[in-house]
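To start, the structure under review is shown below, and the notes come after it.
These figures come from a predicted structure and were not determined experimentally. Quick note: residue numbers are just sequence positions, from 1. Ligands are counted one by one from 1 in listed order, and the atoms in each one are counted from 1 as well.
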Amino acid sequence: MSTATSAPPMIKATAVNKYFGDLHVLRDINLEVPRGQVVVVLGPSGSGKSTLCRAINRLEPINDGAIEIDGKPLPEEGKTLAALRADVGMVFQQFNLFAHKTILENVTLAPRKVRKINAEEARKTAMELLDRVGIANQSEKYPAQLSGGQQQRAAIARALAMRPKVMLFDEPTSALDPEMVQEVLDTMTGLAEEGMTMLVVTHEMGFARRAAHRVIFMSDGEIVEDEAPEAFFTKPKSERAKDFLGKILTH
Ligand SMILES: Nc1ncnc2c1ncn2[C@@H]1O[C@H](COP(=O)(O)OP(=O)(O)OP(=O)(O)O)[C@@H](O)[C@H]1O
C-alpha cells in the first residue's frame, strides 16, 4: 500500500515582489522546485537572477510574497554569514573563504559553531567532503595558496558541510580562469547526479544543457520562460528569450 504523502517542494516562492527603491527587481515570482531537481536560471544582466537567489536564502528581504524551503520559511537569522546557514547552502561568484583559516578549518567552522558537531566528527565529515570535491590533499593550506577552482570547490564543500537541503549557485564559475571552470562544473554535475536540489545562475550553457532538468529565463524581474533545456534552447517562445539566446550563442 502506498504511504506516499505529497512532499512539499524543496523551494517554493509565492507571489514574491522585491523593490530596490523605485526599481521593481522581482515581479510576482512564483516558483516551485521539487526535491532533486536542478534548475538553471538564465537572463540578461540586471534581470534579477542574483536577487532571486539572495531572496531565497533570506540574504535579501522581500517586499511581499512568501518563500519556503521544504515546506517551511527559513528562520530569521539576522546577519548570519551565508556560509554558516543551514538548509540552504550558497556558493557565490567570489569564494569568500575565511582567509586566515585553513581549508579544513573553513569547512569545519559552521558545523562546529552552528550545528555543534564535535571536533573529530566535523573533521571526519570535512575530509570526506574535501575528498569528494577532489582537494583533500589541500586541507592544511590557506585559501590564497589554492587556485581559484580549488577555492571554489572548497566553498562548495563548506556549504555541503551544513547538510543543506538545497544548494544555490550564483555564477560560481564567472570569476575563474577558463581552465578551472570545468573542474567546478564537474563537481556541480556530480552533486546534481547525487540528487541535490539545485538552483544555478550561470552563463555556462553547456552545463544548462547537460545537467539542468529545467531552465528558467528571467527578464526585467519576471520569469518569462520555464522549460526543459532542450525546448528552451531549440524553441524559445518569447522574443526576449530569442534575443538573449541570439546574443549569447553568437559570442
Ligand atoms: N543592493 C542593491 N541596491 C540597489 N539596486 C540593486 C541592488 N542589488 C541589485 N540591484 C539592482 O537590481 C537589479 C537586478 O540585479 P541582479 O543583480 O539581481 O541582476 P542579475 O540578473 O543577477 O544581473 P547580473 O547577471 O549582472 O549579475 C539591477 O538593476 C541591479 O542594478
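Closer than 4.0 angstrom to ligand 1 lie heavy atoms from Phe20, Leu23, Val25, Pro44, Ser45, Gly46, Ser47, Gly48, Lys49, Ser50, Thr51, Glu171.
Considering only residues two or more places apart in sequence or on other chains, Phe217 meets the ring-ring contact (aromatic ring centres under 6.0 Å, His included) condition with Phe232, Phe244. Partners of Arg240 according to the side-chain hydrogen bond (donor to acceptor under 3.5 Å, both in side chains) rule, which considers only residues two or more places apart in sequence or in another chain, are Ser219, Glu222.
Judged by distance alone, the side chain of Lys49 and the main-chain N or O of Gly43 form a donor-acceptor pair under 3.5 Å.
One hydrophobic cluster holds both Val200 and Met205 under the rule that ILVMFWY side chains link at heavy-atom gaps under 4.5 Å.
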**Asked** Would Val39 and His213 count as a side-chain contact (heavy atoms from CB on, under 4.5 Å) if you check the C-alpha gap in whole Å, the side-chain angles of each, and the deciding distance to 0.1 Å?
**Response** CA-CA 6 Å; Val39 177; His213 298 109; over 6 Å; no
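Applying the ring-ring contact (aromatic ring centres under 6.0 Å, His included) test to residues at least two apart or on different chains, none of the pairs has a partner in residues 49-70.
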